[in-house]
Amino acid sequence: MANRLVIEGGKKLSGTVTIDGAKNSAVALIPAAILADSEVTLEGLPNISDVETLYQIVGELGGSVEYNEHKAIIDPSEIVDMPLPSGNVKKLRASYYLMGALLGKFKKAVVGLPGGCYLGPRPIDQHIKGFEALGAQVTNEQGAIYLRAEKLRGARIYLDVVSVGATINIMLAAVLAEGKTVIENAAKEPEIIDVATLLNNMGASIKGAGTDTIRIHGVEKLHGCHHTIIPDRIEAGTYMIMAAASGAGVKIQNVIPDHLEGITAKLIEMGVPIDVHEDSLEIGEAKDLKKVDIKTYAYPGFATDLQQPMTALLTQAEGSGIVTDTVYPDRFKQIAELERMGGKFKQNGRSVVVYGKTALKGTKVTATDLRAGAALMVAGLIAEGKTEILEAEHIERGYGNIIQKLTGLGAKIYKESGEPSIS
Ligand code: EPZ
């Protein structure tokens with residue numbers, strides 16, 4: 001059943017919103033916990049469907065998970081190398097982390113090719129390059145990846161593309177390998193540091209996470225531990241954009257300001273008043289928004305995950321801004337939906353010109369992927385009248401308690417469990 005989110009626009013947001021743990025950390029930490037031989041406790045998890053799906057997958061593997069909204073106790077001691085050719089693994093992109101975790105633990109794995117947001121081609125060739133360098137044979141049979149290795153030996157691996165997923169997946173496969181692994185041209189996202197912190201607390205030996213060279217010394221085994229996850233910089237950035245679009249004083253707490261430098265700088269360039277505190281931000285009411293140009297890059301560049309909600313905000317700026325996505329050239333499915341609301345754009349290749357200042361009107365729109373859904377929420381808050389967002393389950397994959405949080409800020413938003421989704 002497709003869920004629908006309905007937003008009545010024009011309300012000013014104010015008050016405080018608390019950010020949850022990072023989705024793109026959580027979906028790697030849960031597979032990483034599989035590598036331990038005793039209980040791993042994760043605190044501060046987001047309450048989102050991707051995390052629930054991973055709990056189910058841990059159960060399918062024979063593990064057990066005791067969890068509530070923001071905490072999970074994962075017992076991996078009974079886990080076996082159950083093949084996962086399809087089913088739940090198809091529901092999210094990050095199921096590919098099960099390849100690295102199961103290969104690292106059992107020296108073999110069968111995992112169906114991942115699902116998740118369609119942002120254009122999303123190959124996993126760099127993940128496979130890393131697994132093969134460590135000594136694994138990898139084949140793709142009927143849409144599932146088969147991995148097996150007599151032994152995993154440390155290797156020097158140069159990533160041809162800066163890839164978050166490949167960096168983390170190779171770490172997962174290398175921590176129990178024999179000898180030293182060096183990952184060069186590694187991604188530097190904060191979530192990678194978070195996963196390395198968990199693995200080191202489990203007894204691994206990883207140095208350099210967060211830089212472009214990560215050194216791993218393989219160890220014999222890994223034990224359980226307790227870990228609190230970092231806040232979600234993309235959820236925080238999304239609320240910053242919503243507050244810039246329709247806020248009259250919004251406090252965003254449980255953030256790491258360093259992780260938000262790109263979005264903070266861009267919003268200040270647009271004329272949004274922002275006070276930065278130790279673990280919170282205050283977004284003042286933005287009078288006349290100035291247009292800005294945006295180019296996404298791997299961290300610490302401007303996050304591609306915030307490009308889509310920014311295209312909605314830029315419809316309210318004076319003048320036209322150019323948004324270029326250098327990471328996913330095809331990540332503009334939100335544009336057609338924003339045009340239905342009155343937005344004016346000119347797209348060519350990996351760039352789109354956003355013409356402001358344009359009045360938006362609520363109508364029926366469809367969330368094509370998670371952050372396109374975020375863009376439609378920003379537009380819905382701005383638009384005159386009612387915006388109905390179809391396929392809203394995309395949004396629920398990455399924004400926990402979204403209705404409760406936005407209602408708490410004064411938005412008029414509610415959920416309708418929809419008719420069967422329109423084809
Ligand atoms: C992670 O995806 C995030 N997902 C994405 O967030 C995020 O947009 C992306 O990193 C970039 O920051 C998770 O962490 C679960 P990549 P990932 O490998 O790891 C190319 C969201 O909205 N590439 O860093 O899949 C790839 O095509 C999601 O929360 C290869 O060519 O991204 C892309 O152009 C969407 N070969 C670039 O690298 C590979 O083997 C970066 O991709 C792998 C990637």
Side-chain angles (χ1 to χ4, degrees), residues 20-32 46 48-51 53-54 89 91-100 113-133 138 140 145 157-173 183 185-195 212 229-230 232-238 259 262-263 296-310 324-334 350 367-375 394-400:
D20 290 328
K23 166 178 92 74
N24 291 345
S25 225
V27 297
L29 294 174
I30 295 167
I48 54 176
S49 51
D50 273 6
V51 164
T53 303
L54 281 168
V89 291
K91 291 181 184 167
L92 72 159
R93 168 107 181 129
S95 51
Y96 52 40
Y97 290 135
L98 292 156
M99 295 177 196
L113 279 169
C117 296
Y118 181 74
L119 309 172
R122 296 182 75 182
I124 58 169
D125 58 302
Q126 299 298 304
H127 302 235
I128 291 169
K129 173 181 181 180
F131 297 145
E132 288 176 338
V138 184
N140 179 345
I145 302 290
I157 300 156
Y158 176 84
L159 292 182
D160 305 315
V161 181
V162 175
S163 159
V164 173
T167 302
I168 291 177
N169 231 345
I170 294 166
M171 274 199 316
L172 295 176
I183 307 172
N185 199 27
K188 300 185 272 196
E189 272 68 2
E191 292 76 28
I192 292 163
I193 301 174
D194 207 26
V195 175
D212 57 12
I229 187 169
I230 59 169
D232 192 320
R233 61 193 169 93
I234 306 302
E235 184 192 20
T238 306
H259 295 170
I263 183 64
T296 70
Y297 288 106
Y299 190 87
F302 191 92
T304 170
D305 296 350
L306 293 174
Q307 170 267 103
Q308 291 169 287
M310 276 304 275
T324 303
D325 199 322
T326 71
V327 178
Y328 293 115
D330 205 6
R331 191 175 192 169
F332 292 108
K333 299 271 177 307
Q334 77 278 13
R350 59 175 66 212
T368 49
D369 55 79
L370 166 57
R371 308 302 175 182
H394 285 287
I395 296 172
E396 290 159 346
R397 280 189 50 215
Y399 293 98

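The residues of the chain are indexed from 1 along the displayed sequence. In listed order, ligands and their atoms are each counted from 1.
Partner of Gln308 under the side-chain hydrogen bond (donor to acceptor under 3.5 Å, both in side chains) criterion, chosen from Gln334, Arg371, Lys333: Gln334.
With sequence neighbours left out, Arg233 forms a salt bridge (Lys or Arg N to Asp or Glu O under 4.0 Å) with Glu191.
A salt bridge is defined here as a Lys NZ or Arg NE, NH1 or NH2 lying under 4.0 Å from an Asp or Glu carboxylate O, and Arg331 with Asp305 meets this definition. At a threshold of 4.0 Å, the pair Asp50-Arg397 counts as salt-bridged, since one of the basic side-chain nitrogens sits closer than that to a carboxylate oxygen.
Within 4.0 Å of ligand 1, protein heavy atoms belong to Lys23, Asn24, Val27, Arg93, Ala94, Tyr96, Leu119, Pro121, Arg122, Pro123, Ile124, Asp125, Gln126, His127, Val161, Val162, Ser163, Val164, Gly165, Thr304, Asp305, Val327, Tyr328, Arg331, Leu370, Arg371, listed by chain and number.
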| task | Could you walk me through whether Ile128 and Asn140 pass the side-chain contact (heavy atoms from CB on, under 4.5 Å) test, one step at a time? | result | CA-CA 10 Å; Ile128 291 169; Asn140 179 345; over 6 Å; no
| query | Going through the distances and angles, do Leu172 and Asn169 end up as a side-chain contact (heavy atoms from CB on, under 4.5 Å)? | reply | CA-CA 5 Å; Leu172 295 176; Asn169 231 345; 4.1 Å; yes
